[in-house]
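So you know, we letter chains A, B, ... as the sequences are listed, proteins then strands, and number each from 1. Fair warning: this is a prediction, and the values are worked out from it, not measured in the lab. In what follows, every heavy atom counts, from backbone to side chain, and hydrogens, waters and symmetry copies are set aside.
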Amino acid sequence: MTRWAMVADLRRCVGCQTCTAACKHANGTPPGVQWRRVLDMETGHYPDVRRAFVPVGCMHCDAPPCRDVCPSTATRKRADGIVTIDYDLCIGCSYCAVACPYQARHKTDRASFAYGGGPSPAEAARFDEGRLAVATKCTFCVDRIDAGLEKGLTPGIDPEATPACVTSCIAGALHFGDVEDPASNVSRLLAENRHFRMHEELGTGPGFYYLWD
Amino acid sequence: MTGAAATAKQVATYCYQCVAGPDLLTVRVEDGVALAVEPNFCAAAVHPGAGRVCVKAYGLVQKTYNPHRVLSPMKRTNAKKGRDEEPGFVPISWDEAFDLIAEKLNGIRASGLLDASGYPKVAASFGGGGTPQSYMGTFPAYLAAWGPVDMGFGSGQGVKCYHSEHLYGELWHRAFTVSPDTPSCRYIISLGSNTEASGGVVGVKRHADARIRGLKRVQVEPHLSVTGACSAEWVPIRPKTDAAFLYAVIHVLLHETPRASLDLAFLKGRTASPYLVGAHGYYLRDPASAKPLVWDRVLDRPVPYDTAGAEPALEGSFTAPAIERGADGERLGDGALAGTTAFSRLVAHMSSYTPEWAAEICDVPAATMRRVANEFIAQACVGQTVEIDGMVLPFRPVAITLGKTVNNGWGGYECCWARTVAVSLVGALEVPGGTLGTTVRLNRPMSDRIGSVTPGVDGFMAYPFNPTDREHWSPRPNIRNAYRTLVPLAANGPWSQALGPTHLAWMFLDGTPEGLPAVTFPEIWFVYRTNPAISFWDTAALAEKMSRFPFIVAFAYTRDETNHMADILLPECTDLEGLQLIRIGGTKYVEQFWDEEGFALRQPVVAARGETRDFTDIATELAQRTGLLESYNSAINRGAAGLPLKTERYDFSIDVAKPHSRDEIWDAACRAASAEVTDGAASDGLDWYRTHGFRTRPFTRTDWYLYPALARQGLRFELPYQERLYRVGQELGRRLHERGMTWWDSQLSEYQALPAWKDFPGLWEKAVVAMGARAQDFPFWLVTARSMQYAWGANVGIELIHEVAANVAGHGGVVINGDTAAGLGIAEGDLVEIRTPRRATRGRAVLRQGIRPDTLLMVGQFDHWATPYARDFDVPSMNALVPLSLELTDATGSGADLVRVGLARVGARR
Amino acid sequence: MDRIAPWLQTNWDHRAAGNFIGGGTGSGLAIFAAASELAGGNPPRAAYVLAALFIVAGLSLVWLEIGRPWRFLHVFFNPQTSWMTREALIAPPLLIALAAAAWHGGAALAAVAALLALAFVYCQARMLRGSMGIPAWREPLIVPLALATGLAEGAGVLLALAIVAGAAPSRFVLILALLSLVARWIAWAAYCRHLARRGAPTATRQALQAIDLQVLVLGTIAPIALIAAALGFADYAGPIALAAGVLGLAAGWLIKDTILTRAAFNQGFAVPHLARLGAVGSDSSTRPGWS
Ligand SMILES: Nc1nc2c(c(=O)[nH]1)N[C@H]1C(S)=C(S)[C@@H](COP(=O)(O)OP(=O)(O)OC[C@H]3O[C@@H](n4cnc5c(=O)[nH]c(N)nc54)[C@H](O)[C@@H]3O)O[C@H]1N2
Ligand SMILES: Nc1nc2c(c(=O)[nH]1)N[C@H]1C(S)=C(S)[C@@H](COP(=O)(O)OP(=O)(O)OC[C@H]3O[C@@H](n4cnc5c(=O)[nH]c(N)nc54)[C@H](O)[C@@H]3O)O[C@H]1N2
Ligand code: SF4
Ligand code: SF4
Ligand code: SF4
Ligand code: SF4
Ligand code: SF4
Ligand SMILES: [Mo]
């Protein structure tokens, strides 16, 4: 069995937002919609202060509350762990958005472009009416993965078959791979480092791990 | 997602939007439209950043299609200039634009290139630390063909930049920029070097790898920057007191740790530590050879420093038959003279600079400084070696880095000196793991740092000081900022003009001080990729001065605050539209030192938008219309396009008699590049680079380090004692005073052989008083910091950048310590006013705990009022507040990006 | 705003709140009307019509909120796990039953309508509980609270209706209403206590705190006192009951509107271990907006 997962190394991340921008390029998301986002968190009191950068987005949960609540079955979970949205089934009720404890879901009702007014040639080429008024979120770049697998490539290793945010990360903080395969890059990282998953207590079983030591 | 497009391709190019580049990328193009930026995976093996580009590069698609672009040449119709004057730009044809410019230029050629004051009538300013050169095609060839051009009207780069490091760094270790040997370093003391925001792709990648490897970085700076966040420790130091911190570290090294823990062999053999210093502060010299003397322990007598087999004494005082020579060759002593080793002088000099002393000044516990100093020695691995490419070298994995504001303005010299001395005490200078210089700009050849190491006086590397002797020093500057007259260290190469005291050119326009020819307005000013009206100091005053320039030609991507004053706007092909070949790899800016070197092509990813023209074609056209075609072409042949087209190994030179198209010129450059990279084996031209993007050959790591080159030539680092600088300062003072020029006297005080701590922060408080106000009314330090998402103000007009930058704290306004704010009744988002006695600005309060209570931070450089999109941000900039000031100008001619301010709440959150 | 500490969810606005208000009140009303009918009383037929109107109003508000209203039929695709589908499936038979009960009358039809109505509020309650992203909603005790307040609201409307219909409410109805108010207070108090114990965003707890007193005094004690009075002074029962009903109803709507909007802060983000980076000293964590 295969279980695709993301691993973010908090020791490496510098909050540069390159992954955020790379995702927007790869997936043509409209202004303000960030499927990948990196938080700038501060804790403590001067002078004992810590600041940390934390990549977030859809965690592709094992037990995704977004799927369970979805009345239209637009949200589904694949055997390989990727949680998908069928834009043609989605009724845009946003129930999934309130069910997601990771604030990973977005809905844009009207077409919007970077500089107001009309689309730039690039925006016009990327525009997809089908993504309006429906739920959207990080897809784990499922198209890249499937196309890559067809070509016999290994997601997480071959750039072409790997999520855009991962291949763009200038600090090498983001990793992607199959956690069911003990020999995979991500399995090794998880075996060699201390890690956690966000909001573990909610039992969603995120497919997104954070390395911290 | 986009469906299958008729034509889809991945085009390779480079990004050099900030000085931390260049880096390599590809752009996905479908049906002629640029859709997405992606890394250049083919470059992963050669590029230290794994072929990836940073967030700024992802702004290039929007940059290309930015609806606010200037897409045709424009002519100003409103003769009146000023911030409040609408320029009334109207579109004109390229032909008309060239006519207007050529008319002026030809007029100047007819009437003489210099004006009555002897200054060039043509001036040109380019910004961002030299990055525009990677976008201006063959324009440098045109300037070379033209003759004298004043490139000394500053735009922040230089005097606001790494200025002291640029100048002193090149003197001491060919270090225009300094970097840790990050790939093998283990311990870094970073005084405000904001690497994780400013170090680019390569810096970020290498430091991330190093952290995993266990590198410990101590980030010393007033606010908890992005870099502090990624460091083992944050030490919140009081601004402008870094020299005291470093002095305390040196004190611990010299007075609290056994000598044996220092690298004595390095000090004796590779520095001037053993040189004997006489009573007047100059080296004792061998009467016969005039070479500096050392005390030989073997023969127990003085010998010239370069005597074979000598065992120089590192410490002690000795009497020796010698001469002591001062400024202008003055004989200060002759006969049996008492001398003390430079090292002993240093030890004595640092004795009072204890951590306890520094604690008061820096507001950092003495224990912290002591611990950091001891960790530094412990990690230095004194005595260990490592073999690299068959060469055994010292291994000293410790480094000290200095950020902007630490290494410019008053205190910059002391910080650079202390940093370089501190690392040399453990032998961690220019060796594996240690503190390295990575590029040269004042020494030559610029493309070969190691090759720039040549023997000079007294066993040190040669350095092209501007002359200060009676015969050669000139009171008649070649350009308006008078770098040759005032700043011997600035040298006199192609970069020297921009590295002079570039704000003086602006200041002197309204009053030239005693002894200099009256500073005049240039008859034509070319501006490209720089926005002094936003990026420099006292921006309101600067904009006003610009408005009085008679004729400004601005290469314009969008309207901005500087080209608001322009007479002609010329839209050039920008990043994804133009074509140019540049050098990559080897050792370049800051962290950019590679295991490969070669060339990369920037090529049209999409068709040029509107009427925009490639910079090379613009330059060629100008050359033709001003009768300079032949010298322009020869300049290209000589190497103005990045490399010579003709050497003894190859000849791809172009026919100088006729004009050449962009592609002809760059095809020749590409062939030359292929030949250089393959030692003449290949001669592939433009088409090859269009498909492959870049071409490199291996670059040996041993060339990352200067140490081998010095050892080969038996040279020493000119440390710790600065006899030469002291002499130069003395001579400069005499020259100036001989002309009755006393207004540079405070700057002269910087020329000390062993710099003493001076009350640097106090200078900024004095400046407040000098403006006729009370220091206590301006109790805060206002500082600035880089943003990884922004390249200065160059990409402020790009929505994507603005959107993602909002995820990082501080971009929305002025960062204030939460408790300080509470004390002043300021809540998150409140409108606050930040004042100096002269100017005021307003912004939104951003409350954080990660900043000193006495410090305010304004990230980046915003406050735009003309640049479309950015003018709606209403985010303040320190540049509105920092004065243009001679008092705050140091001896190298730089100032610093900080200022004393008052703070008050003026309104509620939006 | 930095959007790291929990922020108010904006996916569902007052329109969604309206559905829970309409659905709850309507169902409660239907149940009470049926109950009194079964107990031999004869509640105004208008009660069933009104109940249906409340429910329809609520549903059409949701319909207005969804992004692709013309795909509303897809709402029926996931009865396996989605309480929204289940709510939607029950709505049509419920409305038919209510219509029939109103038209035809009779205990049997009323009983059917009441059972469907009960199922309907239950679905709504489970919908909230299923919203794992909103701590104030996912709290299990929201289910009894939603049911209890639905009943209390229905009771309120019925008391009010009685006087419209010119008849004073029967003792039976009065007593049921009183019990529903008590039940709601217990459910509300338990909900708040349990939520606080299990942990919730600070802002959520503040928003609930802010209405606690009103719910107790105006929404519970006052109507109970009035009902007691109504039981005592039969002659004035009508107007007194009306006042009690309005208070009970208003309190219910206040509770729902608060939970669905002002207290609906999302989970936010948390980091149980910050990166070490070679720092000496203890392991630190952060969870902004929770205390
Ligand atoms: N507050 C503050 N001020 C600072 C600094 C700071 O840290 N804080 N840093 C200082 C330092 S170190 C430096 S080096 C300087 C740099 O300052 P500058 O060298 O002046 O650089 P920018 O301000 O980025 O100006 C770049 C200009 O080029 C324009 N531009 C961008 N792309 C193109 C293009 O493709 N074609 C054309 N024709 N124009 C283009 C932009 O619109 C912008 O107006 O700033 C200094 N100023
Ligand atoms: N992303 C990006 N990268 C860049 C650039 C860019 O515009 N964008 N510009 C390039 C250029 S031209 C330059 S010059 C470099 C600048 O590179 P850096 O010097 O690393 O950049 P800054 O962040 O401007 O300044 C560094 C830090 O100095 C601290 N500081 C201010 N005053 C003091 C002080 O008195 N003492 C101490 N210890 N710290 C102080 C501030 O807190 C700030 O965090 O960046 C280069 N790289
Ligand atoms: S690109 Fe990598 S380093 Fe930058 S913010 Fe994203 S994860 Fe962090
Ligand atoms: S993170 Fe949210 S959207 Fe993604 S699978 Fe989990 S619950 Fe669903
Ligand atoms: S918005 Fe779409 S995906 Fe989300 S729950 Fe409703 S139908 Fe399902
Ligand atoms: S995996 Fe793909 S879709 Fe998800 S954040 Fe990364 S780039 Fe975006
Ligand atoms: S660091 Fe970023 S902006 Fe600077 S040159 Fe590299 S890719 Fe371009
Ligand atoms: Mo700079």
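- Residues of residues 72-91 of chain A never come closer than 4.5 Å to chain B when only heavy atoms are counted.
- Residue contact with chain A, scored on non-hydrogen atoms closer than 4.5 Å, involves the side chain of B:Gln789 exclusively.
- Only the backbone of B:Ala34 comes within contact range of chain A, with at least one heavy atom under 4.5 Å from a heavy atom of that chain.
- Looking at B:His68, the atoms closer than 4.5 Å to chain A (heavy atoms on both sides) all sit in the side chain, from C-beta outward.
- Between A:Ala125 and B:Leu35, the closest heavy-atom pair is CB-CD2, 3.7 Å.
- Residue with the most contacts toward chain A among B:Glu38, B:Lys56, B:Lys205: B:Lys205 (heavy-atom pairs, distance under 4.5 Å).
- The shortest non-hydrogen separation linking A:Cys16 to B:Val55 is O-CG1, 3.4 Å.
- Between B:Gln849 and A:Thr43, the closest side-chain pair of non-hydrogen atoms is not below 4.5 Å.
- A 4.5 Å side-chain heavy-atom check between B:Gln62 and A:Ser120 finds every atom pair outside the cut-off.
- To the nearest 0.5 angstrom, A:Cys23 atom SG is 11.0 Å from B:Tyr58 atom OH.
- Using a 4.5 Å cut-off between heavy atoms, B:Ser225 contacts chain A through its backbone alone, with no side-chain atom that close.
- Residue B:Val53 touches chain A through its backbone alone, counting heavy-atom pairs closer than 4.5 Å.
- The distance from atom OG1 of A:Thr18 to atom CE of B:Met788, rounded to the nearest 0.5 Å, is 6.5 Å.
- Rounding to the nearest 0.5 Å gives a distance of 6.0 Å between CG of B:Leu224 and CZ of A:Arg51.
- Contacts between A:Asp9 and chain B at a heavy-atom distance below 4.5 Å involve the side chain alone, from C-beta outward.
- Contact annotation: the side chain of B:Arg28 never approaches that of A:His25 to less than 4.5 Å [non-hydrogen atoms, C-beta and beyond].
- Side-chain contact between B:Asp819 and A:Tyr46: absent, with no pair of heavy atoms (C-beta onward) separated by less than 4.5 Å.
- For the residue pair A:Gln17 and B:Val804, the shortest heavy atom distance occurs at CG-O, 3.6 Å.
- The side chain to side chain contact (heavy atoms under 4.5 Å, CB included) search around A:His199 returns A:Tyr102, A:Glu201, A:Leu202, C:Gln267, C:Ala270, not counting sequence neighbours.
- With respect to chain B, the highest number of heavy-atom pairs below 4.5 Å among A:Gly15, A:Gly28, A:Gly32 belongs to A:Gly32.
- Side chains of A:Glu123 and B:Tyr65 form no contact here, defined as non-hydrogen atoms less than 4.5 Å apart.
- Of the listed residues (B:Gly49, B:Ala57, B:Ala50, B:Pro67), the greatest number of heavy-atom pairs within a distance under 4.5 Å of chain A belongs to B:Pro67.
- Residues of residues 170-179 of chain A that come within less than 4.5 angstrom of chain B, heavy atom to heavy atom, are A:Ile170, A:Ala171 in numerical order.
- Residue B:Cys230 touches chain A through its side chain alone, counting heavy-atom pairs closer than 4.5 Å.
- Along residues 150-163 of chain A, the residues that come nearer than 4.5 angstrom to chain B, judged on non-hydrogen atoms, are A:Pro159 in order of number.
- Ranking B:Leu800, B:Thr227, B:Ile212, B:Val33 against chain A, the residue ahead of the rest is B:Ile212, based on heavy-atom pairs under 4.5 Å.
- Most heavy-atom pairs under 4.5 Å with chain B, from the set A:Gly44, A:Pro31, A:Ala164, A:Gly118: that is A:Pro31.
- No part of B:Arg206 comes within reach of chain A, as not one of its non-hydrogen atoms sits under 4.5 angstrom from that chain.
- Here the side chains of A:Phe53 and B:Val226 are in contact, with some heavy-atom distance below 4.5 Å.
- Interface residue A:Cys13: only backbone heavy atoms are found under 4.5 Å from chain B.
- Of all the listed residues (B:Val37, B:Val235, B:Val61), the one sharing the greatest number of non-hydrogen pairs under 4.5 Å with chain A is B:Val37.
- In this structure the side chain of A:Tyr115 reaches within 4.5 angstrom of the side chain of B:Ile798, judged on heavy atoms.
- Side-chain contact between B:Arg848 and A:Asp40: present, with at least one pair of heavy atoms (C-beta onward) separated by less than 4.5 Å.
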Run A:Arg12 and B:Asp209 through side chain to side chain contact (heavy atoms under 4.5 Å, CB included) and show every step you take. CA-CA 8 Å; A:Arg12 286 178 174 269; B:Asp209 292 345; 2.7 Å; yes
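- Without hydrogens or angle criteria, B:Arg52 side chain to A:Thr167 main chain gives a donor-acceptor distance under 3.5 Å.
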